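To find a chain, count down the sequence lines: A is the first, B the second, and so on, and within it residues start at 1. This structure is a prediction, so every number in the text was calculated from the model and none was measured.
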Amino acid sequence: MKEPKKKKGKKAKKSHIPFRLNLLFFFVFVFFAILVMRLGVLQIVMGEEFELQVKRTDKTTITGSVPRGMIYDAQGKILVGNDAMQAITYTRGATVSGEDMIKISDSLSQFITMDLETVTERDYKDFWTAKNSDKITERLSDSEKTLDGSEAYEAQLAKVTDADLATLTDQEKTSAAIYKRMNGAYALTTTYIKNKDVTDTEIAEVSERLADLPGVGTATDWVRNYPEGDLLKSILGSVTSEKEGLPNDQLAGFLAKGYARNDRVGKSYLEKQYEQVLSGTKSESESETNANGEVIKTLEKYKGESGDNLVLTIDSNFQAKVDNLVIDYLKQAKSSGKYVLTDRLFVVAMNPQNGEILALSGKKINQETGEIEDYAIGTFTTAYGMGSAVKGATVLSGYMDGALNVGDTIVDEPLVFKGSAPKASFFNRNGRIAINDIDALERSSNVYMMKTVIKMGGGSYVPNGNLNIDLDVFSKLRNYFGEFGLGRKTGIDLPGEQIGVPGGSTEAGKALDFAIGQYDSYTPLQMAQYVSTIANGGYRIAPRVVKEVRGTNPDGSLGPVKTTFEPKILNKLNVTPEELNQVQQGFYNVAHRPLGTAYSSFVGADFDLAAKTGTDEAFYDGEIDSLKGSPVTNVTFVGYAPSDNPEIALSVVVPWANQTTLSGINNDLARAVFETYFQGKK
Amino acid sequence: MSSNESSQDSKIDYGIILSLIMLCIVSLTSIYAAAPSNKLRLTLMQLAFYIVGAIAIIVIMQFDSEQLWKIAPYAYLLGIILLILVLIFYDRATYAASGGKSWFRFGSVSFQPSEVMKSALILMLARVITKHNSQNRMRNVKSDFILLAKMAGVMFVPMLLIQLQGDLGTVLVFLAIAIGMVLMSGITWKILVPAFGSVAGVLGTAFYFVLYNRNFLIKLGFKNYQFDRIDSWLRPYSDTSSKGYQLVQSMKAIGSGKISGKHYMVSEVHVPERHTDFIFSSIGESFGFIGGCVVLFLFFLLIYQLIRVCFDSKNEFYAYICTGVIMMVLFHVLENVGMTIGLLPITGIPLPFVSYGGSSLLGNMIAIGMVMSMRYHHKSYMFSEQERDFKRK
């Protein structure tokens with residue numbers, strides 16, 4: 001060491017150290033003074049405020065589910081009911097961690113059993129990871145440690161080996177199943193840990209220990225049951241499971257209405273349409289949390305009110321009989337060989353006076369299993385060419401347009417245009433027969449309808465000439481047809497209604513096809529509304545399947561009426577009674593005069609009906625892709641009875657019969673349905 | 001200072017020992033109250049750390065200034081080797097939990113080499129300054145700049161290594177130590193005033209960037225979590241991260257303690273890490289303003305004793321060591337207490353002698369040991385010198 005080890009002589013210069021040490025000491029003093037002052041501000045000046053913050057408790061409202069309203073048929077028979085079940089619930093606090101939940105699930109697993117079948121390997125991994133976070137982090141590589149969010153979690157899960165999972169005891173597996181339920185819960189929302197097959201012992205054991213199991217509770221859960229089996233099941237719709245919770249596409253709306261994310265709501269059809277009625281008012285309890293987010297106490301504030309009940313317009317008895325008829329006729333059709341491609345059959349029966357649906361029946365053969373399935377929703381979600389059955393609307397359009405007057409006579413003759421095949425009526429292939437409007441309907445004259453439309457389009461028929469009409473005729477026709485509900489929403493109180501499929505092009509010739517129902521396609525329900533409009537004197541009434549909303553009596557039975565739905569008139573036809581009478585008369589003749597297209601089918605019927613049949617030259621559009629576009633025939637029927645004061649309007653649709661098949665099964669099935677209806681009334 | 005001279009025959013500084021014993025009592029009672037679980041075990045562990053620390057003090061007291069002078073480069077090198085090793089063999093679990101690579105783990109024992117590095121760095125800096133000053137009797141601006149460069153050279157490697165460990169808190173401690181020692185080294189005000197002035201300017205600019213132009217800093221290699229701390233400090237209530245929550249909870253705990261505190265063992269507010277970094281919030285909640293001030297006074301007393309030793313030693317090498325230790329304790333207390341009361345951003349710095357943790361306690365005890373060795377070894381003839389004549393070594 002080069003520097004001097006011994007003291008040197010006095011330096012001329014004084015050391016700088018004492019002064020700077022004093023300066024340092026001064027700074028130390030200042031810094032400590034600042035700390036003390038700040039401490040004083042916090043504890044003395046703001047102390048009260050902080051104390052209030054600490055003492056303050058937050059009140060959070062926790063809602064609980066109430067039994068959903070039931071659905072009854074017109075006679076008060078239960079179609080959709082509830083089974084009450086004991087349940088063990090969990091409400092997750094705002095600051096509860098995975099570790100806290102593991103503790104609860106571990107102790108809970110001593111008292112309850114869980115169904116382990118739905119627990120996946122992934123769930124076990126979640127559980128193992130939550131329980132052994134130390135071990136997991138040790139196993140991660142450096143680069144894996146830098147991952148964040150879900151990537152990090154996936155990397156952690158990947159480190160759980162089969163050997164780890166093999167060490168899980170049965171009780172730990174149960175705990176994993178419980179943890180899965182708890183972990184899936186949203187904060188401050190009650191979820192079910194177990195709501196199936198909960199035994200009294202389990203409820204008792206858990207109830208005794210609720211104090212040690214924060215967030216755990218016992219409650220009653222419900223599940224939908226269907227005493228009438230599959231009857232109308234597709235129309236009744238379904239509710240989401242607790243796991244599905246609120247449907248994503250309507251999440252915001254439901255949350256705004258106070259729903260919890262795991263609430264079960266109507267997913268389809270009636271359950272969806274009447275969600276607000278059926279869901280009831282949820283129970284409310286207030287839970288008080290302290291500044292640490294721990295729940296101090298929970299008070300029930302409002303017991304909640306179970307959902308109201310729906311009473312349908314449909315008599316399940318009649319519905320069941322119609323269903324059976326439809327099945328019988330579908331089987332019969334299949335065995336006859338005339339309906340090779342037919343895989344479905346529809347019947348809609350409604351009261352034409354008030355729009356109440358009497359039966360909504362659709363059956364379909366499942367192409368894979370060969371089983372006949374319920375397809376009632378097909379009555380308003382699928383559309384078919386309906387053929388001549390729509391001719392009542394064509395004639396009335398003619399009147400409304402001024403192209404036709406009551407009793408007008410037109411010559412039925414094959415229409416020959418340049419460059420296209422002749423268009424003739426089925427009953428008159430070659431001759432020239434002058435017929436009036438009533439006869440035209442009775443015998444189903446195509447030419448009468450076509451000539452009416454040509455007139456509406458401002459043209460006139462010139463044999464071997466061109467068809468010159470104003471193409472506005474399409475929109476005109478669709479407007480008039482819409483007044484019957486054809487091509488428009490019928491306004492039924494079920495979601496998912498289809499309006500039918502308009503034909504694509506606007507060639508003049510297609511307007512003639514339109515006139516005889518061979519262009520636009522309609523749903524079976526639209527056909528029922530159309531014939532009802534004719535039957536009831538020109539009022540288009542929205543069909544409905546719910547007659548009234550009723551409460552629940554204390555004993556659980558159907559309570560007092562809360563809402564009755566009045567018939568909803570959508571529009572009235574702009575026709576005179578005489579004009580309407582012509583069509584009604586024509587429909588009457590169809591079934592009562594020997595030349596009527598449905599005469600033979602209804603000979604000897606003990607009810608008095610008016611009807612119109614249809615045969616549509618269509619193309620197969622079903623589920624067998626390779627056969628799409630094959631020429632087929634849709635056979636259809638609309639009608640009502642009794643003809644003077646109609647109670648029931650009917651639409652029958654048999655799609656995709658063999659090309660050469662004519663009316664038959666449609667009329668027979670209609671007759672069977674009418675008979676069933678009037679027998680039931682006796 | 002004449003009163004001090006009367007205690008010249010006392011070779012052991014009982015004032016420092018008394019302060020340490022008081023802090024030890026505060027530490028043990030607070031850890032027992034604040035530990036989330038295993039209260040007794042953690043308290044006994046801390047007591048064991050104190051005993052190990054006391055032994056370390058006794059061992060280090062045996063070294064006189066000459067030996068410390070010789071040891072300095074080896075301690076410094078050893079410290080750097082440990083810092084390099086820890087970058088390779090850091091404890092994976094701690095890293096996963098906190099993002100810091102500053103811990104070794106041997107079985108159940110973990111150890112943070114940067115804590116020991118603090119004392120080694122102080123020793124090395126003291127040696128560099130003393131040596132430089134003895135070689136440059138007639139100091140001028142140029143020689144002062146050379147000294148600054150030498151100090152920066154000593155600081156550079158350990159600070160870089162600790163920055164690589166992701167331990168911003170310790171980097172700041174090193175800076176605080178360096179600032180104190182630069183001040184004390186006698187560098188002329190002609191350099192210090194503009195230097196501190198420009199540092200203030202840089203800090204102001206940095207602050208501007210942090211608040212308004214983060215992307216620039218991220219390009220320079222800063223990490224986002226380092227900004228989180230500043231965010232949670234400035235806007236604790238609007239920050240939903242754990243840091244903001246920690247600060248809000250800590251301020252609630254301390255504030256609601258009011259003047260006299262709630263009661264021992266009473267904790268109404270949950271503060272994470274309250275037996276380690278946030279132990280002051282536990283003290284503040286249980287014992288209020290009075291208790292908090294008592295603890296601060298104990299630290300003030302300790303620092304006062306250290307400064308007194310510095311005055312008494314009359315030895316330049318000792319004076320610099322002492323300054324380093326003072327700065328180290330001062331900065332720890334300032335930053336730790338400051339962060340629990342929302343005065344400074346949250347960094348992972350424990351409250352010295354009080355927070356639970358063996359490495360930190362051992363590091364601090366070694367530093368105290370170096371100071372205590374001064375009184376133990378200084379010869380009476382030193383005091384025959386003129387009072388203001390500080391010896392070199």
Side-chain angles (χ1 to χ4, degrees), chain A residues 1-11 13-25 27-29 31-32 34-36 38-55 95 133-142 144-146 152 290-294, chain B residues 66 69 92-93 95-97 99 130-131 134-135 137-138 180 183-186 249 251-259 268-270 284 288-289 292-293 296-297 299-300 303-304 307 310-311 316 319 323 326-327 330 333-334 337-338 341-343 381-382 385-393:
Chain A
M1 300 208 178
K2 289 168 193 162
E3 56 282 341
K5 289 178 184 175
K6 298 282 180 290
K7 64 189 175 79
K8 298 288 170 193
K10 268 196 266 176
K11 280 181 290 171
K13 209 176 166 200
K14 284 181 180 174
S15 170
H16 56 272
I17 288 179
F19 171 71
R20 295 201 177 183
L21 211 47
N22 277 322
L23 191 67
L24 181 65
F25 189 56
F27 281 128
V28 171
F29 181 80
F31 287 144
F32 272 85
I34 292 173
L35 286 185
V36 170
R38 172 70 183 179
L39 206 54
V41 169
L42 275 191
Q43 299 191 295
I44 300 169
V45 182
M46 295 163 72
E48 291 287 340
E49 200 180 303
F50 278 115
E51 190 175 32
L52 280 178
Q53 270 191 35
V54 171
K55 294 266 150 59
T95 56
S133 52
D134 296 350
K135 286 187 194 167
I136 285 290
T137 39
E138 275 173 29
R139 294 179 190 179
L140 291 175
S141 72
D142 282 358
E144 282 164 344
K145 280 180 186 163
T146 59
N290 64 15
N292 287 344
E294 293 151 356
Chain B
E66 204 148 324
W69 179 275
R92 272 38 182 183
Y95 174 61
T130 312
K131 193 171 164 184
S134 70
Q135 286 165 344
R137 286 300 158 96
M138 299 309 290
L183 176 76
M184 205 57 63
S185 67
Q249 291 298 92
M251 282 168 61
K252 263 198 239 169
I254 294 176
S256 63
K258 304 215 284 186
I259 295 183
E268 291 178 327
V269 185
H270 170 72
F289 181 67
C293 284
L296 286 179
F297 179 71
F299 281 112
F300 186 73
I303 291 173
Y304 169 73
I307 288 180
C310 191
F311 267 118
E316 202 177 326
T323 305
I326 289 166
M327 287 307 290
L330 174 67
V333 173
L334 206 61
V337 176
I341 58 182
L343 204 57
Y381 65 79
M382 286 182 182
E385 300 297 318
Q386 280 224 340
E387 213 172 276
R388 289 207 172 85
D389 182 14
F390 270 70
K391 282 180 59 62
R392 308 225 139 78
K393 191 154 73 84

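At a 4.5 Å heavy-atom cutoff, the contact between B/Phe299 and chain A is made by backbone and side-chain atoms alike. For B/Leu183, the parts sitting under 4.5 Å from any heavy atom of chain A are the backbone and the side chain alike. Using a 4.5 Å cut-off between heavy atoms, A/Phe19 contacts chain B through its side chain alone, with no backbone atom that close. Heavy atoms closer than 4.5 Å to chain B are found nowhere in A/Ile136, neither backbone nor side chain.
Under the rule for a ring pair (Phe, Tyr, Trp, His ring centres under 6.0 Å), the partners of A/Phe32 that lie at least two apart in sequence or sit in another chain are B/Phe300. Among residues two or more places apart in sequence or in another chain, the side chain to side chain donor-acceptor pair (under 3.5 Å) test is passed with A/Glu48 by B/Lys258.
Across A/Ile44 and B/Ile259, no two heavy atoms sit closer than the pair CG1-CG1, 3.7 Å. Among all heavy-atom pairs drawn from B/Met184 and A/Ile17, the shortest one is SD-O, 4.0 Å. Annotation for A/Leu42 and B/Met251: closest pair CD2-CE, 4.2 Å, computed over non-hydrogen atoms.
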- prompt: Can you list the steps and then say if A/Phe29 with B/Ile303 is a side chain to side chain contact (heavy atoms under 4.5 Å, CB included)?
  reply: CA-CA 10 Å; A/Phe29 181 80; B/Ile303 291 173; over 6 Å; no

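Within the 4.5 Å cutoff, no side-chain heavy atoms of A/Ile34 are placed close to those of B/Leu334. At least one side-chain heavy atom of B/Met327 sits less than 4.5 Å from a side-chain heavy atom of A/Leu24. Considering only heavy atoms from C-beta on, A/Val36 comes within 4.5 Å of B/Phe289 through its side chain.
Chain A forms the most heavy-atom pairs under 4.5 Å with one residue out of B/Gly338, B/Gly180, B/Gly255, B/Gly342, and that residue is B/Gly255. Counting heavy-atom pairs under 4.5 Å between each of A/Leu52, A/Val45, A/Leu35 and chain B puts A/Leu35 at the top. When each of B/Cys293, B/Gly292, B/Gly288 is checked for heavy-atom pairs under 4.5 Å with chain A, B/Gly288 comes out on top.
Between atom NE2 of residue A/His16 and atom CD of residue B/Glu316 there is a gap of 5.5 Å, rounded to the nearest 0.5 Å. One distance of note links OG of B/Ser256 with CD of A/Gln43; it measures 8.5 Å at 0.5 Å rounding.
In this structure, A/Phe25 places its CZ atom where more than 12 heavy-atom neighbours from other residues, nucleotides or ligands lie under 6.0 Å away.
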